[in-house]
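Working notes, structure below.
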Amino acid sequence: ERAIVGSADTSLLAFDAATGAEGWVSSLPDIPESSAVVGDLIVVVTLGGTAAYDQAGALRWSRPEHEGMVVAGDRVALLSADGVHVIDPT
């Protein structure tokens, strides 16, 4: 298992949860506004919008909505001023 954290230096970092060894680092366009949320195959962070990264740290998609989110498996429900948007990454 992995532990994934966003840092104040605009990095998204993955660590092996058992050993603490660094797995990968991705640069973010801004400082994360909340903890990363990990789905089955994606990692979702809010940073002035919402962005999803794959388990290797590559950006999969980004959207301007960021008022709230729920991750279930690899589907993400984003709350915005105009309603709820469900994103299926496949």
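Keep in mind the model is a prediction, meaning the values are calculated, not measured.
- Using a 4.5 Å cut-off between side-chain heavy atoms of Ile, Leu, Val, Met, Phe, Trp and Tyr, with links allowed through other members, V71 and L41 fall into different hydrophobic clusters.
- Pairing each heavy atom of S7 with each of P32, the nearest pair is O-CD, 3.3 Å.
- Atom CZ of R60 sits about 6.0 Å away from atom CG of D54, to the nearest 0.5 Å.
- Every residue two or more places apart in sequence or in another chain was checked for a side chain to side chain donor-acceptor pair (under 3.5 Å) with S27, and none qualifies.
- With a 4.5 Å cut-off between side-chain heavy atoms of Ile, Leu, Val, Met, Phe, Trp and Tyr, the cluster of V5 takes in L13, F15, V25.
- In plain terms, the two heavy atoms of V45 and A36 that are nearest each other are CG1-CB, 3.7 Å.
- Atom CD1 in I42 sits 10.5 Å away from atom CD1 in I4 (nearest 0.5 Å).
- Annotation for A77 and V84: closest pair CB-CG1, 4.2 Å, computed over non-hydrogen atoms.
- One finds the CD atom of E33 at 6.5 Å from the CG atom of L47 (value rounded to the nearest 0.5 Å).
- Proximity of V43 to V37: side-chain heavy atoms (C-beta onward) are nowhere separated by under 4.5 Å.
- Taking 4.5 Å as the limit, every side-chain heavy atom of V38 sits out of range of all side-chain heavy atoms of Y53.
- Side chain of R2 to backbone of Q55: a donor-acceptor contact under 3.5 angstrom is found.
- Counting non-hydrogen atoms of other residues, nucleotides and ligands closer than 6.0 Å to CD of E1 gives a total of 12 or fewer.
- S62 places no side-chain N or O within 3.5 Å of a backbone atom of A51 that could act as its donor or acceptor partner.
- When side chains are defined from C-beta on, T50 counts as touching V44, because their heavy atoms get closer than 4.5 Å.
- What you find for A8 and I31 is that their closest heavy atoms are O-CG1, 3.5 Å.
- S35 pairs by the side chain to side chain donor-acceptor pair (under 3.5 Å) definition with nothing, not counting sequence neighbours.
- Nearest heavy atom pair, residue T10 against residue D30, reads CG2-C, 3.4 Å.
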